[in-house]
Participant: 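One structure, pasted below without further comment.
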Amino acid sequence: MPGPQNMNHKAVALLSGGLDSNLAVAMVKEQGIEIEAINFQTIFGCCKDDARKVAHKLGVSFTVLSVQDDYLNRVEKPKYGYGRGVNPCVDCRIYMFQTAKKFMEQAGASFLISGEVLHQRPMSQKKRDFETIEKDCELNGLILRPLSAKLLPVTEPEKAGLVDRDKFYGVQGRSRTKLLELAKQYGIEDPPSPSAGCALTSPAFAKKVRDVFSHHPNYNRWEFEILKIGRHFRLDRKTKIVISRNHTQNEYLEALHPSGTVLLISRNFGGPHALLIGDASEENRRKAASCMLRYSQKPLPDICEITLKGNGQTENLYFAPALEAAQRELEELRIV
Ligand code: SF4
């Protein structure tokens, strides 16, 4: 690990595409530091395209890193707990900084830059959280947070005189006033609003994530990808129905329904697609069809034609619209 004596003028920045990381990179770059920016794709929300544009404007190289499947283990069993959803923010930041550290070592850089602002987010931006993250990642003194630097211990690049601490700031809290002022100063036009953040912070989404953890101990990445699509209904321990919400989601399901699932497509009425995951018994196919009809445009024809595709086979089935009671029963199976 670099110490003050072997620091160099190269750093790796975590760039989300938001205002904070944009400012952090601009501030360090103007001090003559060569910067490589990285952006994380986490399954549960990302802003890769924004980050790419920001990197381009800042004139720094840009790499997107996807989290690996072991990230899901951290979501399932976080060492430092959850926020209001199933967002394990401290563990998540540790994962990102550990990955960034490997990238830094490979790139021959000697420190990291983060746009984090002290006390801006309750779960991972307290002083204690910063200390925990640095200690767990063995990155003590190697994470420079220029927006709050004056409120934090002096880092190695500051000690080594690579950057001038006096040119950094002491921003803290949730207010954006100072950040917007800095945006003007650094010529950042149309500074982006804070993003909606990752889906893990949403209590509704958290229900779907918990459902996967409790029913599929050998989960895979796709089971989490699909949580971003549609309404979900749990039929039994291994069976679930997903009902799409719009045309884009229909296309997604058509393109990405894996083997072992059955896709239901409406033929003679305007309805969503349904994806049956798990036990595709006749009874469960009927339930999936009933779910589809529940969310279809009314009035429905007397006989609804539905194509089922799955496991290399296609067949057409015909259903009478489900009775109210059956639809109510299905509503009770809804996860969210
Ligand atoms: S909000 Fe999501 S992406 Fe951000 S630190 Fe928390 S878990 Fe990670």
Side-chain angles (χ1 to χ4, degrees), residues 12-25 37-52 54 63-103 112-137 139 143 145 147-148 152 172-174 176 179 192-213 219 221 223-228 336:
V12 169
L14 281 72
L15 187 71
S16 68
L19 177 58
D20 306 356
S21 56
N22 187 341
L23 281 169
V25 173
I38 55 174
N39 174 264
F40 285 93
Q41 252 190 306
T42 70
I43 309 177
F44 302 107
C46 74
C47 37
K48 168 169 63 85
D49 290 339
D50 292 345
R52 192 185 302 281
V54 170
T63 304
V64 176
L65 301 175
S66 287
V67 297
Q68 304 301 307
D69 290 354
D70 58 345
Y71 177 79
L72 294 169
N73 303 337
R74 306 220 185 178
V75 177
E76 184 183 12
K77 292 180 185 147
K79 190 167 157 192
Y80 297 102
Y82 292 126
R84 65 195 182 105
V86 284
N87 48 314
C89 292
V90 174
D91 295 81
C92 174
R93 294 303 285 172
I94 288 171
Y95 185 96
M96 289 182 188
F97 278 113
Q98 282 170 338
T99 311
K101 180 182 169 188
K102 284 187 204 143
F103 190 93
L112 299 175
I113 301 163
S114 164
E116 287 163 307
V117 170
L118 189 64
H119 300 308
Q120 188 185 60
R121 290 172 192 256
M123 176 101 198
S124 63
Q125 296 185 355
K126 298 185 292 298
K127 229 179 216 175
R128 201 182 55 229
D129 301 326
F130 291 166
E131 283 164 13
T132 302
I133 291 165
E134 291 189 19
K135 199 164 162 231
D136 258 57
C137 300
L139 276 167
I143 304 177
R145 298 177 172 91
L147 293 169
S148 299
L152 299 171
Q172 63 175 319
R174 299 178 67 85
R176 299 222 331 143
L179 298 173
S193 310
S195 79
C198 84
L200 293 175
T201 59
S202 148
F205 190 81
K207 273 191 187 175
K208 293 196 274 191
V209 174
R210 287 202 179 96
D211 176 79
V212 176
F213 286 141
Y219 51 77
R221 195 183 176 102
E223 283 165 300
F224 294 92
E225 298 275 3
I226 196 73
L227 300 185
K228 293 185 278 188
V336 69

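Counting convention: from 1, in listed order, for ligands and their atoms alike. We number each residue from 1, following the sequence as shown. None of the values given here were measured: they were computed from a predicted structure.
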Participant: Name all residues meeting the side chain to side chain contact (heavy atoms under 4.5 Å, CB included) criterion together with Met123; count only those two or more places apart in sequence or in a different chain, and write none if there are none.
Facilitator: Cys89

Participant: With the threshold set strictly below 4.0 angstrom, can you tell me whether any protein non-hydrogen atom sits that near atom 5 (S) of ligand 1?
Facilitator: yes

Participant: Whether Asp69 and Arg221 form a salt bridge (side-chain N of Lys/Arg under 4.0 Å from carboxylate O of Asp/Glu) is what I want to check.
Facilitator: yes

Participant: Go through the structure and list residues passing ring pair (Phe, Tyr, Trp, His ring centres under 6.0 Å) with Tyr80, not counting sequence neighbours.
Facilitator: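 So Tyr80 forms no ring pair (Phe, Tyr, Trp, His ring centres under 6.0 Å) with any residue.
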
Participant: Give the intermediate values and the outcome of side chain to side chain contact (heavy atoms under 4.5 Å, CB included) for residues Ile43 and Val75.
Facilitator: CA-CA 11 Å; Ile43 309 177; Val75 177; over 6 Å; no

Participant: Work out which heavy atom in Arg174 is nearest to a heavy atom in Gln120; give both atom names and the distance.
Facilitator: NH1-O, 3.0 Å

Participant: So, at under 2.8 Å, which protein N, O or S atoms would a careful student list around atom 8 (Fe) of ligand 1?
Facilitator: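 N, O, S partners closer than 2.8 Å: Cys92 SG.
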
Participant: According to side chain to side chain contact (heavy atoms under 4.5 Å, CB included), who are the partners of Lys207, at least two apart in sequence or on a separate chain?
Facilitator: Ile335

